[in-house]
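Before any comments, here is the structure.
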Amino acid sequence: TGAYRPWARDAIASHTDWVNLGQCCLSPGSRQSYTGAWLFRPYGAELQLRSLTLKSAEVAGCKSVSGTVTLTAPAPAAGVVVTLGDTLAAATAPASVKLLEGAPSKNFTVKTVAVDARQSGTVSATLGSTTLSQPLALRPMGMLSVSLTPTKVVGTQPVAGTAKLECKAGPGP
């Protein structure tokens, strides 16, 4: 009856034209009945993960480490969600990050807790069928500084010492 016409829209940001399928794809006078048309275009070669980087490959188990995911092109109008994960028991990466329209990259933070033994694993980012990984090692916290007061002493005079850790004391000695 002409009351409903099938339409399609390309979801890639650089292609914004609406196409009337009745005008482009159906012959005049055809009696096909459509209630809608669904077209799907995966991210494919036009939008993929370019890189996953971590600011450091090793941190004390009580420190956070920042990371960045970068796309091959800026995010489309609807944005893009990149799934994150990690394989370390003492680390927590956010479940995902959303890159808003036009953003080529997004920063995130992997939080860790104190460890009493070294842990090694990976942080990963996934978009579509592409998964990138970076190694991350957590080590037990160490000394940040040691100070003595006074710094010069004669004979058996007392000296006060202060030891500062990288973080608040964690598990173990």
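All values reported here derive from a predicted model rather than from experimental measurement.
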Among residues two or more places apart or on two chains, list those pairs meeting disulfide bond (SG atoms under 2.5 Å apart) that have a residue in residues 71-111. none
Just to verify, what does T68 make a side chain to side chain donor-acceptor pair (under 3.5 Å) with, not counting sequence neighbours? N107
Closest non-hydrogen contact found for V69 with A125 is CG1-CB, 3.7 Å
What's the shortest heavy-atom distance between L47 and P74, and which atoms? CD1-O, 4.2 Å
Any salt bridge (charged side-chain N to carboxylate O under 4.0 Å, His left out) pairs touching residues 143-162, not counting sequence neighbours? none
Excluding L100, membership of its hydrophobic cluster (Ile, Leu, Val, Met, Phe, Trp, Tyr; side-chain heavy atoms within less than 4.5 Å) reads none
Is L99 close to V82 at the side-chain level, that is, under 4.5 Å between some pair of heavy atoms? yes
Can you tell me how far apart CG (L136) and CG (L54) are? Round to the nearest 0.5 Å. 6.0 Å
Please step through side-chain contact (heavy atoms from CB on, under 4.5 Å) for the pair T162 and S147, ending with a clear verdict. CA-CA 5 Å; T162 302; S147 62; 3.6 Å; yes
The criterion is side chain to side chain donor-acceptor pair (under 3.5 Å); which residues satisfy it with T131, sequence neighbours excluded? T126
Looking only at heavy atoms, which two atoms of A137 and S120 are closest? And how far apart? CB-OG, 4.1 Å
I'd like to know if the side chain of Q48 and the backbone of L127 have a donor-acceptor N/O pair within less than 3.5 Å. no
Gap between atom CZ of R139 and atom CG of D116 - 0.5 Å precision: 14.0 Å
Pairs involving residues 75-93, ordered by first then second residue, that meet salt bridge (charged side-chain N to carboxylate O under 4.0 Å, His left out) (sequence neighbours left out): none
I need the single residue from V80, V97, L71 that forms a side chain to side chain contact (heavy atoms under 4.5 Å, CB included) with K106. Which is it? V97
Which pairs, with at least one residue in residues 109-161 and sequence neighbours excluded, count as a disulfide bond (SG atoms under 2.5 Å apart)? none
Among residues at least two apart in sequence or on other chains, which ones pass side-chain contact (heavy atoms from CB on, under 4.5 Å) with L132? L49, L52, T130
To the nearest 0.5 Å, tell me how far Q134 CD sits from S56 OG. 11.5 Å
Partners passing side-chain contact (heavy atoms from CB on, under 4.5 Å) against P104 (at least two apart in sequence or in another chain): none
side-chain contact (heavy atoms from CB on, under 4.5 Å) partners of T156, counting only residues at least two apart: none
N/O donor to acceptor pairs below 3.5 angstrom from side-chain atoms of residues 58-67, sequence neighbours left out:
{"residue": "E58", "atom": "OE1", "partner": "R118", "partner atom": "NH1", "Å": "2.6"}
{"residue": "E58", "atom": "OE1", "partner": "R118", "partner atom": "NH2", "Å": "3.2"}
{"residue": "K63", "atom": "NZ", "partner": "E166", "partner atom": "O", "Å": "3.4"}

Are V146 and M141 grouped together when hydrophobic residues (ILVMFWY) are joined by side-chain heavy atoms under 4.5 angstrom apart? yes
Could you list the residues that satisfy side-chain contact (heavy atoms from CB on, under 4.5 Å) with T122, not counting sequence neighbours? T87, S133
Heavy atoms of G161 and L148 approach each other most closely as CA-CD2, 3.9 Å
